[in-house]
Amino acid sequence: MMNTNRLSKTIVAALNNQMTKEAHASQIYLSYGAWADSNGFGGIANFLFRHAQEERNHMMKILEYILKRGGEVKVTAIPAPPPNPTSINNCFEKVFGHEVDNTTAVYKVVKMSLEEEDWATWNFMQWFVKEQTEEETLALNLLDKIKIAGGEKAEKTSLYSLDRDLATTPDDAKLAQDITADNP
Ligand code: OFO
């Protein structure tokens, strides 16, 4: 029979692994969202829950890509999220850390596809490179906000406005490559 699998063994393993990583990211946002809500921060919870959905979408994109390239999808157990944050400041620091971790994982798959000259996978993964840049920016914006609010020492009133703010904060951050002089 003709071989219709367009993915190498190593690439398909890396993609399956990345798929689970995205599911894991989703679980992390879900658990931090629940933590925020039970501590009275409904706006921050809303933001984190929306983000959990985004990560779930990333997982689906990779699943679809594997299937469309004729590879085998392996759905495995998702590792448990790490312990809950200890404060809003700590929560945002953890969020940034998770995004950087995931960027590192994405870069590994990109590097692998380059080494194997699998240009379809390389091209597919560029979407994730851009998405991670955006999500790191979003996480850095959170860190900026909490810093202004006082970091670990943030007063209740500033946390209150931060919480209200985040309920309506868009899911996407503007990327440098989309900026013009007219609209910085
Ligand atoms: Fe999947 O983008 Fe964040 O981690």
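Counting starts at 1 for both ligands and their atoms, in listed order.
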Original post:
Any salt bridge between Glu115 and Lys111, counting N to O under 4.0 Å?
Top reply: yes
**OP:** Would you please indicate if the ring centroids of Tyr32 and His98 are separated by under 6.0 Å?
**Re:** yes
**OP:** Please say whether more than 12 non-hydrogen atoms of neighbouring residues, nucleotides or ligands are located less than 6.0 Å from NZ in Lys174.
**Re:** yes
Original post:
What are the protein N, O or S atoms, given as residue plus atom name, that sit under 2.8 Å from atom 1 (Fe) of ligand 1?
Top reply: Glu22 OE1, Glu55 OE1, His58 ND1
Subject >> Flag, side chain of Arg50 to backbone of Thr169, donor-acceptor distance under 3.5 Å >> reply: yes
Original post:
Counting only heavy atoms not in Arg56, do more than 12 sit closer than 6.0 Å to its CZ atom?
Top reply: no
**OP:** Keeping the roles fixed (side chain from Asn16, backbone from Lys74), state whether a donor-acceptor pair exists under 3.5 Å.
**Re:** yes
Subject >> Sub-4.0 Å atoms of ligand 1 with respect to non-hydrogen atoms of Glu99 >> reply: 2 (O), 3 (Fe), 4 (O)
